[in-house]
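For reference, the structure discussed in these notes is given below.
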2 protein chains.
Amino acid sequence: MVDIRNLIRDNRLRVGDVLPSENALAAQLGISRTVAREALRGLAALRILEVGSGRRARVAGATSETLSAILDHTAYTRQLSVVQIQDVRRTLEMRTVSLAALHRSAEEAQALLQTIEGMMEAVQRDNPHSVMDLDIRFHEIIARASGNPLYSVLVDSFRVITRQTWHIGWRARGSHESRVENIKCHERIATAVIEQDAARAEAAMAEHFDSSFMVLMRAGVS
Amino acid sequence: MVDIRNLIRDNRLRVGDVLPSENALAAQLGISRTVAREALRGLAALRILEVGSGRRARVAGATSETLSAILDHTAYTRQLSVVQIQDVRRTLEMRTVSLAALHRSAEEAQALLQTIEGMMEAVQRDNPHSVMDLDIRFHEIIARASGNPLYSVLVDSFRVITRQTWHIGWRARGSHESRVENIKCHERIATAVIEQDAARAEAAMAEHFDSSFMVLMRAGVS
DNA sequence: TTGTCCCAGGTTGTATGACAGCTTTTTCCA
DNA sequence: TGGAAAAAGCTGTCATACAACCTGGGACAA
């Protein structure tokens with residue numbers, strides 16, 4: 001098994017640096033281009049490298065796509081239940097919201113407010129798809145505001161799987177009032193983060209997840 | 001971009017099921033074997049498929065290797081600090097230890113005790129490598145005992161990266177007494193989990209992470 | 001001088017054919 | 001019937017070829 005990661009390490013490559021071409025690698029390692037290429041593509045699948053037609057491979061930054069694909073697959077093959085996934089999300093986000101309250105920038109505060117505003121509008125227009133996108137973005141903004149990129153990657157990787165169950169929650173929250181209340185809950189989280197009140201932010205996030213949990217349970221999701 | 005994942009979905013494949021051969025896939029999708037093979041290897045890199053010489057590709061179960069490789073790479077390219085990684089570990093493990101206290105089996109309780117015993121012995125023999133392996137295993141047992149495989153995967157993913165910083169903590173805990181105290185701390189966690197006292201287990205885990213944090217800080221790790 | 005266009009060379013993407021080595025299946029003999 | 005040997009199937013690797021694509025640099029015009 002050819003491991004290009006050693007190459008990245010040995011050459012002290014940083015994010016954005018380019019690697020040798022497939023032919024150069026093959027010659028350097030004494031293997032065929034086929035094998036060199038496969039090794040590169042393996043790391044590209046992990047998003048450790050960024051490859052593209054005609055351009056050399058580059059060392060890539062952190063993204064959530066890889067873990068997202070794994071989560072998706074793991075859930076799909078029934079190795080994970082919705083409740084188990086929500087438990088992990090809750091654990092992570094109880095921390096991110098607390099850190100976000102401590103570290104948020106002015107721009108992030110602004111972004112949270114805009115997202116809430118957009119959600120409220122979308123609910124009035126009865127546009128669930130738009131509400132969902134903004135809902136997911138809301139959580140991602142908070143994760144980013146935590147200042148810890150690992151939380152960002154982890155929370156973002158739930159996006160694909162959240163999109164698959166989100167509509168269940170929406171339908172289960174049948175009434176317009178119930179949906180508005182859900183947005184208000186997001187608003188309480190945002191307000192606490194903006195006012196940099198970590199304890200209140202955590203409490204609001206707990207309320208949010210507990211409420212979602214109840215809704216999913218009543219809808220018969222396991 | 002050829003996506004074999006759709007194939008897994010459309011054929012309702014489950015963990016352990018075999019996929020068509022590279023040639024069959026190529027014919028089926030109207031592409032060359034080269035491309036079919038690359039698509040398979042891409043999923044193999046994510047550990048979504050399990051491939052092996054001479055044998056057909058199989059749908060794989062959840063492992064921590066993928067996320068582990070990503071964490072390793074992300075930390076290596078300086079996108080993550082030790083403190084940030086420890087923060088995420090702490091967040092996850094505060095929850096796993098609580099769940100473990102609630103769900104632990106008799107076997108898991110036994111395994112925890114054995115691990116502690118082994119750690120104490122290894123400390124007496126002044127064998128840090130062995131202490132480290134048991135330390136890491138201790139946390140993995142707790143994650144497994146949580147009953148949520150996603151926590152297991154996440155906690156296990158930190159193994160590679162923990163191995164790289166663990167020795168700093170060991171050396172920073174210069175005295176024999178300090179090292180024994182660290183094991184005792186593990187023991188308090190284990191006892192609480194075995195007695196199914198979730199609150200005490202959380203408190204002991206908090207103490208453990210806070211202590212490690214202080215040690216690393218004093219050692220000048222950022 | 002400066003900005004734009006174009007082109008040549010380098011690089012990746014895909015296809016084909018070949019063969020060694022490993023695994024699974026089938027066949028056949030004791 | 002049990003087990004060994006042969007056959008078939010599959011993956012791993014290599015070499016070659018060419019299309020598609022990107023990048024940098026030079027020619028050219030404003």
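- To the nearest angstrom, P of dT11(C) lies 18 Å from CD of Glu50(A).
- With Tyr76(B) as the aromatic partner, Arg5(A) does not meet the cation-pi criteria of under 6.0 angstrom to the ring centre and within 45 degrees of the ring axis.
- Residue Arg56(A) contributes atom CZ, which lies 9 Å from atom C1' of dG10(C) at whole-angstrom precision.
- By the salt bridge (Lys or Arg N to Asp or Glu O under 4.0 Å) test, Arg95(B) is found to be paired with Asp87(A), residues two or more places apart in sequence or in another chain being considered.
- Across residues 18-29 of chain B, not one residue has a non-hydrogen atom less than 4.0 Å from an atom of DNA chain C.
- Listed by first and then second residue, the salt bridge (charged side-chain N to carboxylate O under 4.0 Å, His left out) pairs that reach into residues 17-26 of chain B are Glu22(B)-Arg33(B), Glu22(B)-Arg37(B), sequence neighbours excluded.
- Judged purely by distance below 3.5 Å, without hydrogens or angles, the side chains of Arg144(A) and Ser152(A) pair a donor atom with an acceptor atom.
- Judged by the 6.0 Å and 45° rule, Arg89(A) forms no cation-pi pair with Phe209(A).
- Taking a cutoff of 4.0 Å between a charged side-chain nitrogen and a carboxylate oxygen, Glu140(A) and Arg159(A) qualify as a salt bridge.
- Nearest nucleotide to the side chain of Arg37(A), out of dT12(C), dA15(C), dT11(D): dT12(C).
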Which protein N or O atoms sit under 3.5 Å from an N or O of nucleotides 16-25 of chain D?
from	atom 1	to	atom 2	distance (Å)
dT23(D)	OP1	Arg55(A)	NH2	3.1

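- Between the CG atom of Leu40(B) and the P atom of dC10(D) there is a distance of 13 Å, given to the nearest Å.
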Using residues 124-136 of chain A as the side-chain source, report each donor-acceptor pair under 3.5 Å to any protein atom, sequence neighbours left out, with the distance given to one decimal.
from	atom 1	to	atom 2	distance (Å)
Asn127(A)	OD1	His129(A)	N	3.4
Asn127(A)	OD1	Ser130(A)	N	3.2
Asp133(A)	OD1	Arg163(A)	NH1	2.8
Asp135(A)	OD1	His139(A)	NE2	3.2
Asp135(A)	OD1	His186(A)	NE2	3.1
Asp135(A)	OD2	Trp166(A)	NE1	2.9

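- With sequence neighbours excluded, the residues satisfying side chain to side chain contact (heavy atoms under 4.5 Å, CB included) with Glu65(A) are Arg47(A), Thr63(A).
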